[in-house]
Number of protein chains: 2
Amino acid sequence: MNLRQLEYFVAVAEERKITTAAKRLNITQPPLSYEVSALEKELGVKLFVRRPRGVDLTDAGRVLYARATTILGLTESAAREVADVGLGREGTLAIGIISSSGGQVPNDRMRALAKDYPRVSLVLNEGNT
Amino acid sequence: MNLRQLEYFVAVAEERKITTAAKRLNITQPPLSYEVSALEKELGVKLFVRRPRGVDLTDAGRVLYARATTILGLTESAAREVADVGLGREGTLAIGIISSSGGQVPNDRMRALAKDYPRVSLVLNEGNT
DNA sequence: AATGCTTACGTATTGCGTAATGATT
DNA sequence: AATCATTACGCAATACGTAAGCATT
């Protein structure tokens, strides 16, 4: 089982037709049909019942649909989140201020920063020049 | 990004050495090294810092590790769950009883069934023969 | 010298497209 | 006849192994 197969499965489950799902996935219909049966074989379960005008989800298919959408959503958000960390949109930002500034801190700017990047922790360190 | 890459990444993150992780995954070390950089390139983030004696997770790597283990765990349990449904270990089991039985139901057996298959719903229907 | 990561390259596996076939209305 | 799925097969993309190179201790 892999993420591509889950995407394919979700498309078929939502379109209820392998042909339409294939169009949505920008592939042709036979490989999609093949991948669906491969997934069924691997899981040891029929996911769809084949009807003359399309396919219907089985009980097992309905369970997989719920799980698959969760997994795919998690995967996508994980990628975004990790990329954000790399861009410095998450983590700890340590800011040094010098004593001679008299303790003046640009509070409005820091509030704006905290609002735009809610997952960044701000730490202030006071010292000499 | 695919599940195989996430498995590879998790192995490296846990072993802290690409060489050791490759052994655990039963592949050789160069392709694993290659896949890790491919994942980093795709996410646009360094996941490890390369050290003379192995690798260390970056902040982004630590975030991905948490998400990856979740996703892989969910995937595995989804597969088991779906297979279970296919085996009839989940769903609704409708049992018909005939009026002439005087309303006698084998309660102990049904309790045992409900205990062994907690996700099976039992429904009793009374009718004639 | 030893350990561990990276780059380069050839082969084997896998994914997808095209073509032909099957089944139902 | 039309619609939608499956099976068969060839090509293209991808994953992995082997070989060689680089860096650090």
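No hydrogens, no waters, no symmetry mates; every other heavy atom, side chains included, goes into these values.
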Exercise for the section: Could you name each residue pair satisfying side chain to side chain donor-acceptor pair (under 3.5 Å) that touches residues 66-75 of chain A, not counting sequence neighbours? Expected result: Arg67(A)-Glu81(B)
Quick one: which protein N/O atoms are closer than 3.5 Å to N/O atoms of nucleotides 9-13 of chain D? Pair and distance per line, please.
none

Problem - With Phe48(A) via ring pair (Phe, Tyr, Trp, His ring centres under 6.0 Å) - residues at least two apart - result: Phe9(A)
Practice task
Taking side-chain hydrogen bond (donor to acceptor under 3.5 Å, both in side chains) as the test, write out the residues that go with Asp56(B), two or more places apart.
Solution key: Arg16(B), Arg51(B)
Handout entry: Any residue meeting side-chain contact (heavy atoms from CB on, under 4.5 Å) with Glu7(B), in chain and number order, not counting sequence neighbours
Key = Leu72(B)
Exercise for the section: Please assess Arg4(B) against Asn2(A) for the test side-chain contact (heavy atoms from CB on, under 4.5 Å), listing each intermediate value before the final yes or no. Expected result: CA-CA 8 Å; Arg4(B) 188 178 45 83; Asn2(A) 57 53; over 6 Å; no
Completion exercise
Whole-Å distance, Leu32(B) CG to dT18(D) P, equals 15 Å
Practice task
Kindly calculate the angle separating the two end axes of the helix from dA1(C)-dT25(D) to dT25(C)-dA1(D), each obtained from five base pairs, and round it to 10 degrees.
Solution key: 20°
Problem - Short side-chain N/O contact to dT6(C) OP1/OP2 from Ser33(B), under 4.0 Å - result: yes
Side chains of residues 26-36 of chain A: which donor-acceptor pairs under 3.5 Å do they make with residues two or more places apart or in other chains?
from     : atom 1 : to      : atom 2 : distance (Å)
Glu35(A) : OE1    : Gln5(A) : NE2    : 3.2

Completion exercise
In whole angstroms, the gap separating C1' of dG17(C) from CG of Asn26(A) amounts to 14 Å
Practice task
Please figure out whether Ser37(B) or Asn2(A) has its closest DNA chain C nucleotide nearer the 5' end.
Solution key: Ser37(B)
Fill in the blank from the handout: What one should report as the nearest heavy-atom pair of Val45(B) and Ala60(B) is CG1-CB, 3.1 Å
Handout entry: Any pair counted as ring pair (Phe, Tyr, Trp, His ring centres under 6.0 Å), so long as it reaches residues 51-80 of chain A, sequence neighbours left out
Key = none
Handout entry: Full working for side-chain contact (heavy atoms from CB on, under 4.5 Å) between Val82(A) and Leu47(B)
Key = CA-CA 9 Å; Val82(A) 169; Leu47(B) 299 169; 4.1 Å; yes
Problem - Atom CD of Glu76(A): over 12 foreign heavy atoms under 6.0 Å - result: no
Completion exercise
Here the gap from Lys46(A) atom NZ to Leu39(A) atom CG, rounded to the nearest 0.5 Å, amounts to 11.0 Å
Exercise for the section: With side-chain contact (heavy atoms from CB on, under 4.5 Å) as the test, would you mind laying out the steps for Ile71(B) and Leu3(B) before giving the verdict? Expected result: CA-CA 8 Å; Ile71(B) 291 167; Leu3(B) 292 176; 4.0 Å; yes
Practice task
Check DNA chain C against residues 4-22 of chain A and give the residues with a non-hydrogen atom under 4.0 Å, in numerical order.
Solution key: Arg4(A), Tyr8(A)
Problem - Minimum-distance nucleotide to Glu35(A) side chain [options: dC16(C), dT6(C), dC16(D)] - result: dC16(C)
Problem - Check: Thr20(A) side chain, Glu15(A) main-chain N or O, donor-acceptor pair, under 3.5 Å - result: no
Practice task
List the steps, then state whether side-chain contact (heavy atoms from CB on, under 4.5 Å) holds for Leu64(A) with Leu43(A).
Solution key: CA-CA 10 Å; Leu64(A) 183 60; Leu43(A) 295 174; 4.0 Å; yes
Between N or O atoms, less than 3.5 Å apart, protein on one side and nucleotides 19-25 of chain C on the other: list the pairs.
none

Practice task
Write down the distance between CD1 (Ile27(A)) and P (dC16(C)), rounded to a whole number of angstrom.
Solution key: 6 Å
Handout entry: Within residues 42-50 of chain B: residues closer than 4.0 Å to DNA chain C (heavy atoms)
Key = Arg50(B)
Fill in the blank from the handout: Heavy-atom closest pair (Lys17(A) atom, Gly54(A) atom, distance to 0.1 Å) is CG-CA, 4.0 Å
Completion exercise
With sequence neighbours left out, the residues meeting side-chain hydrogen bond (donor to acceptor under 3.5 Å, both in side chains) with Glu42(B) are none
